[in-house]
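Report on the structure given below.
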Amino acid sequence: MTTEVDTIEVRLAGLQPIEVANRLPRLRASFDAAQIDALIVSAPANIRYLTGFTGSAGIVVVTAEDFFLISDGRYREQAADQIARSGAGARVQISSTAQRDLIVSAVGESRRVGLEAEHITWSTQRRYESEWFAGRLLIPTVGLVEGLRRVKEPAELVRIELAAEIADAALAKMRPRLLERPTEMEFARELDMTMRTLGATRPSFETIVASGPNGARPHARPSSRSIEFGDLVVIDFGAVIDGYCSDMTRTIAVGDVSPTAQRMLDVVTRAQAAGVAAVRPGVAAREVDAVCRSVIEHAGWADAFSHGTGHGVGLDIHEAPGVGSTSDATLVIGDVVTVEPGVYLPEHGGVRVEDTVVVTAEGCRPLTHSTKDPTLTTRPRPA
Ligand code: ZN
Ligand code: ZN
């Protein structure tokens, strides 16, 4: 267990490899419903989840009795080492020239071979069907491993929480810098560097710093625009720790902002708090979306909230469950989701506030903790 007095550094050093052995039986238990005898896993995050292997090239084959990780010569040692540390129990097979033979022989006698429909290319599927697995049934599957990944284990939560803490600490350090008129790109670069200095492997996605009018575009890329007094600045970013992502948005008012900007801040902050308050086990994800949306609708800005309320976070920055008006997910204990309503007005810029929370028996617990007070006080600048 960690305590508050531990520094991020000490806790990073103390991370033990995640035990993954319990995941394979849970995956196999889904085979009957999916009507498959074997599954070829091709998504890197799914491969990592099942085996602990982090290389960029690999294929996992799971049959009723067998479990293989197939990779190439570059990963011979890494694969063996990571499989040993994770306790996955997969048989590692390495070849740079005969991967086809390894994959086909790993599938063995299995008749119905599942592919990850959302991750395999059309050309690979066609090659499998006409050449590698001619005469067998190729079955498209969706979300078999992703379904297992939804509910986070304690060791996964520790990592997401640490990533979130690094993001919190980085923003606290960098906040005053906004008063020095950096460009969006400069601020984004320095924020990323601060997260890395604090121990992040990398940012969990390309950091968004969108100031003034740029804020009206929810996914604006940092530009060479200088951040000015009177701007709203939307900062959406996260860190990766041992493969796990964090995600947080804060909107900061640099100096005095317009009354409309102030009202946008108030409304979005209230909508976000209402959304977080609605997160609990058993609630429909789309209900969380509806709660956020109704606050913004009441303020008269229904059309200005142009995206879903949130998404799951884990090995991928966007994963199951989606939290939007069309989501059919019901939240369960251990889901890690974001709540991130926003209002975007071309003449005034944008406001988005986002926390990552974990669903608990009582409701939810936020993992991101940066202050939501948007005010950044001006200080006299030299003439
Ligand atoms: Zn975000
Ligand atoms: Zn997000």
Side-chain angles (χ1 to χ4, degrees), residues 45 146 149-150 152 159-171 174 184 187-188 191-192 194-195 200-211 214-222 232-241 244-252 265 268-269 271-273 275-276 278-279 285-286 288-289 291-293 296 305-327 329 331 335-344 349-359 364-372 374:
E146 288 87 341
R149 282 168 47 193
R150 242 187 83 170
K152 270 61 181 181
R159 285 156 171 82
I160 298 171
E161 222 165 345
L162 208 42
E165 230 171 285
I166 285 172
D168 282 334
L171 183 59
M174 287 292 300
E184 293 171 352
F187 188 83
L191 184 61
D192 290 354
T194 307
M195 288 196 289
T201 316
R202 58 178 170 85
S204 51
F205 56 94
E206 187 183 352
T207 295
I208 295 170
V209 177
S211 63
N214 294 344
R217 291 180 289 133
H219 268 199
R221 300 185 70 182
L232 293 172
V233 187
V234 179
I235 304 167
D236 188 350
F237 68 111
V240 172
I241 288 299
Y244 286 85
C245 301
S246 75
D247 191 5
M248 174 172 75
T249 309
R250 292 294 183 265
T251 301
I252 297 177
L265 286 164
V268 173
T269 304
Q272 201 267 350
V276 170
V279 173
R286 66 169 168 269
V288 176
D289 180 87
V291 165
C292 289
R293 217 163 281 283
I296 291 171
F305 177 16
S306 50
H307 53 78
T309 287
H311 52 88
V313 178
L315 287 171
D316 287 322
I317 184 64
H318 291 132
E319 57 178 56
V323 183
S325 57
T326 59
S327 171
L331 297 181
D335 272 331
V336 172
V337 295
T338 69
V339 179
E340 50 178 306
V343 165
Y344 310 92
V351 173
R352 180 165 65 255
V353 176
E354 171 182 32
D355 283 313
T356 300
V357 305
V358 56
V359 180
C364 74
R365 180 166 62 85
L367 304 178
T368 43
H369 299 291
S370 290
T371 177
K372 294 195 186 82

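Please read these numbers as outputs of a predicted model, since none were measured by experiment. Every number for a ligand or one of its atoms is a count from 1 in the order of the listing.
- Residues passing the salt bridge (charged side-chain N to carboxylate O under 4.0 Å, His left out) test with Glu161 are Arg365, sequence neighbours excluded.
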Could you please spell out the steps behind the ring pair (Phe, Tyr, Trp, His ring centres under 6.0 Å) verdict for Tyr344 and His307?
-> CA-CA 10 Å; Tyr344 310 92; His307 53 78; 5.4 Å; yes
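- Under the side-chain hydrogen bond (donor to acceptor under 3.5 Å, both in side chains) criterion, Ser327 pairs with no residue, sequence neighbours left out.
- Under the ring pair (Phe, Tyr, Trp, His ring centres under 6.0 Å) criterion, Phe237 pairs with no residue at all, not counting sequence neighbours.
- Asp355 and Thr368 share a donor-acceptor pair across their side chains, judged by distance under 3.5 Å alone.
- You'll find the side chain of Val323 stays beyond 4.5 Å of the side chain of Glu340, heavy atoms only.
- Protein N/O/S atoms closer than 2.8 Å to the Zn ion (ligand 2), listed by chain and residue number, are Asp247 OD2, His311 NE2, Glu340 OE2, Glu354 OE2.
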